[in-house]
Protein chains: 2
Amino acid sequence: MSGSESYDPSKYPPVAVTVDVVLLTIMEDSLAALLVRRGADPFKGSYALPGGFVTPDETLATAAARELQEETGARGMHLEQLGTYGDPGRDPRMRVVSVAYLALIPNPPEVVGGSDAASAEWSPVATFLDNTLPESTSILAFDHRRILKDGVERARGKLEYSGLATAFCADEFTVGELRRVYEIVWGVDLDARNFHRKVTGTLGFLEPTGEMTTRGGGRPAQLFRRGPTQTLNPPILRPSPTVI
Amino acid sequence: MSGSESYDPSKYPPVAVTVDVVLLTIMEDSLAALLVRRGADPFKGSYALPGGFVTPDETLATAAARELQEETGARGMHLEQLGTYGDPGRDPRMRVVSVAYLALIPNPPEVVGGSDAASAEWSPVATFLDNTLPESTSILAFDHRRILKDGVERARGKLEYSGLATAFCADEFTVGELRRVYEIVWGVDLDARNFHRKVTGTLGFLEPTGEMTTRGGGRPAQLFRRGPTQTLNPPILRPSPTVI
DNA sequence: CCAAAAGTGTTGCTTTTACACCCATGA
DNA sequence: TCATGGGTGTAAAAGCAACACTTTTGG
């Protein structure tokens, strides 16, 4: 809003405000996003991000969480604001300003099936973001490809300097499971031994539960919970793409 | 927007969409923000961020740039989206969702005096963010303190890993001038010699003009322009607050 | 036994830091 | 001449990557 005298909210231009959510998980060794298939024009038959109107009495974040629960039944996952997309013409029907959120959910994603008529599905993000795939048969509605791309970028970047990766893990997890998150989201191989030293040496990142597990095979591994640290210092460095 | 069937933009709830801008500069050795004094209720007499409605045919970023030009006459400065603030009740008159932008402008800030009736002023951000100052006599309207704080945080963080600092410098600048930006925004002292090596050694950050200057006294210094690099690798590390 | 994953030790290299030192100007 | 800021050299310390090696399970 403005401090200028020209500001009179009773004469606001007609705009609709919605939230769209990029919900990511790790499924079968790849990064996947929740998408809904559109049953009506415009973009009938295309996939779109889950989302909807912001109702008068809820915050933007609450609206995003509500939409997520309607589609997945899940609550309490990581949720952060991603950005706002409001170009005129992005929705052919009217001016729609959409506040996008990024959400992350642990490994075995909830089975889909909300109160909603539209069907939601998990798809590998590469299907929609990788240009080298066979003829973009998979097209996202509106500017949702851009939003999905921004969400994936955000997640990739934040793994370096925040504890975000643990949002992809169950409540208790091993160092190996955490490493696999980094490897899948970044699409790289990490040295298991140096990774182990790094994450266990970063104070506040991981908290040992004292328990061990043998799931995954091999020698039993310690179980950890997320620690209180929000920013990782030193960061977990992403290997720079090897120049050839 | 939604892929669900419940989405009908013709029945959107009444919401106003505005842009607010955190415009920062460096003035007299401190970080300062442009604020306008409100001439009407609510918050009459308080300071607020410059901003206003998004008109039907402009993008969000264009609206922010337009508001800035109306207040300062300046154009072409760095401008990036900061975040969106839409809690119900943040404006007592109606539901207002505000998309905040962060803008940076070089050293000698343009004199203020736009077409607008309201008067704009530069104030050190510490006046509004530092809690230890005498009784918060300086209060920002709405949730603008939070927005200002988020903007300053963003700028501080991005100095580390992006070329953002050059947005505070004139077209041509010396390494010493660039260093002063870092020192003022971060509120730390940096070793001039190591800083020089670091920034001149980061490929694509600075481009030598070939010219020299003696402004600022002492031995003549090389002049540089911003280079093409968007992300700094390696980053310019902010000294960690020394634990005592 | 072997394979697989967890975890520790060590070594050489790169980066960072701290600071000694010299340079080129204006006053 | 001195004060001021610009810039280079260098050595100690810290951080990081690569990889040999040991541990503990399941099959």
Side-chain angles (χ1 to χ4, degrees), chain A residues 29 107 159-161 169 172-184 186 188-203 205-224 231-243, chain B residues 29 107 159-161 169-170 172-184 186 188-203 205-225 231-243:
Chain A
D29 287 337
N107 234 308
L159 289 202
E160 287 202 78
Y161 60 89
C169 296
E172 304 198 341
F173 53 89
T174 68
V175 172
E177 288 160 4
L178 183 65
R179 176 169 48 84
R180 204 140 18 241
V181 169
Y182 277 90
E183 291 179 330
I184 290 169
W186 283 347
V188 298
D189 281 334
L190 299 176
D191 184 289
R193 299 156 292 183
N194 291 333
F195 182 86
H196 184 279
R197 225 191 320 256
K198 226 182 239 181
V199 296
T200 54
T202 299
L203 290 178
F205 187 16
L206 302 183
E207 287 195 336
T209 64
E211 306 292 307
M212 308 282 281
T213 183
T214 63
R215 68 176 181 234
R219 169 175 166 180
Q222 280 186 269
L223 280 171
F224 294 87
T231 56
L232 260 38
N233 202 294
I236 313 292
L237 290 177
R238 167 159 37 169
S240 38
T242 311
V243 183
Chain B
D29 287 336
N107 234 308
L159 289 201
E160 287 202 79
Y161 60 91
C169 297
E172 304 197 341
F173 53 89
T174 68
V175 172
E177 288 160 4
L178 182 66
R179 177 169 47 85
R180 206 141 308 135
V181 169
Y182 277 90
E183 291 180 329
I184 290 170
W186 283 348
V188 298
D189 282 332
L190 298 176
D191 185 290
R193 299 156 293 186
N194 291 334
F195 182 86
H196 184 279
R197 226 190 320 254
K198 224 183 237 179
V199 297
T200 55
T202 300
L203 290 178
F205 187 17
L206 303 183
E207 288 195 334
T209 64
E211 306 293 308
M212 309 282 279
T213 183
T214 63
R215 70 176 181 234
R219 169 175 164 181
Q222 280 185 269
L223 280 172
F224 294 88
R225 258 189 284 274
T231 57
L232 260 39
N233 202 291
I236 313 294
L237 290 178
R238 168 159 36 169
S240 38
T242 312
V243 183

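Naming convention: chains lettered A, B, ... in sequence-line order (proteins, then strands); numbering from 1 in each chain.
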Nearest-angstrom distance from the residue atom CZ of R197(A) to C1' of dT22(D): 14 Å
Chi angles and distances behind the side-chain contact (heavy atoms from CB on, under 4.5 Å) call for N233(A), Y161(A): CA-CA 7 Å; N233(A) 202 294; Y161(A) 60 89; over 6 Å; no
M212(A) CE - dT23(D) C1' separation (whole Å): 10 Å
Atom-to-atom span, CZ of R193(B) to C1' of dG6(D) - whole angstrom: 11 Å
Check: Y182(A) ring centroid to F195(A) ring centroid under 6.0 Å: yes
From CZ (R238(B)) to CG (L159(B)), nearest 0.5 Å: 7.5 Å
Residue closer to the 5' end of DNA chain C, E177(A) versus G218(B) (nearest nucleotide): E177(A)
Nearest-nucleotide comparison on DNA chain C, the residue closer to the 5′ end among R219(B) and L237(B): L237(B)
Euclidean distance, R179(A) CZ relative to F173(A) CZ, rounded to 0.5 Å: 13.5 Å
Most 5' of G217(A) and D191(A) on DNA chain D, judged by nearest nucleotide: D191(A)
Sugar-phosphate, base or nothing in reach of R215(A), heavy atoms under 4.0 Å: nothing
Within-4.5 Å side-chain heavy-atom neighbours: L223(A) and M212(A): no
Sugar-phosphate only, base, or nothing, as touched by R180(A) at under 4.0 Å among non-hydrogen atoms: nothing
Atom-to-atom span, NZ of K198(A) to P of dA14(D) - whole angstrom: 18 Å
Salt-bridge contact E172(B)-R225(B) (side-chain N to carboxylate O under 4.0 Å): yes
Gap between atoms CG and P, on L178(B) and dG7(D) respectively (whole Å): 12 Å
Distance, rounded to the nearest Å, where N194(B) contributes CG and dT10(D) contributes C1': 11 Å
Protein-nucleotide distance (H196(A), atom NE2; dA18(D), atom C1'), rounded to Å: 18 Å
First and last nucleotide of DNA chain C, 5' to 3', lying under 4.0 Å from heavy atoms of chain B: dT17(C) to dT25(C)
Spacing of CG belonging to N194(A) relative to CG belonging to L237(A), to within rounding of 0.5 Å: 11.5 Å
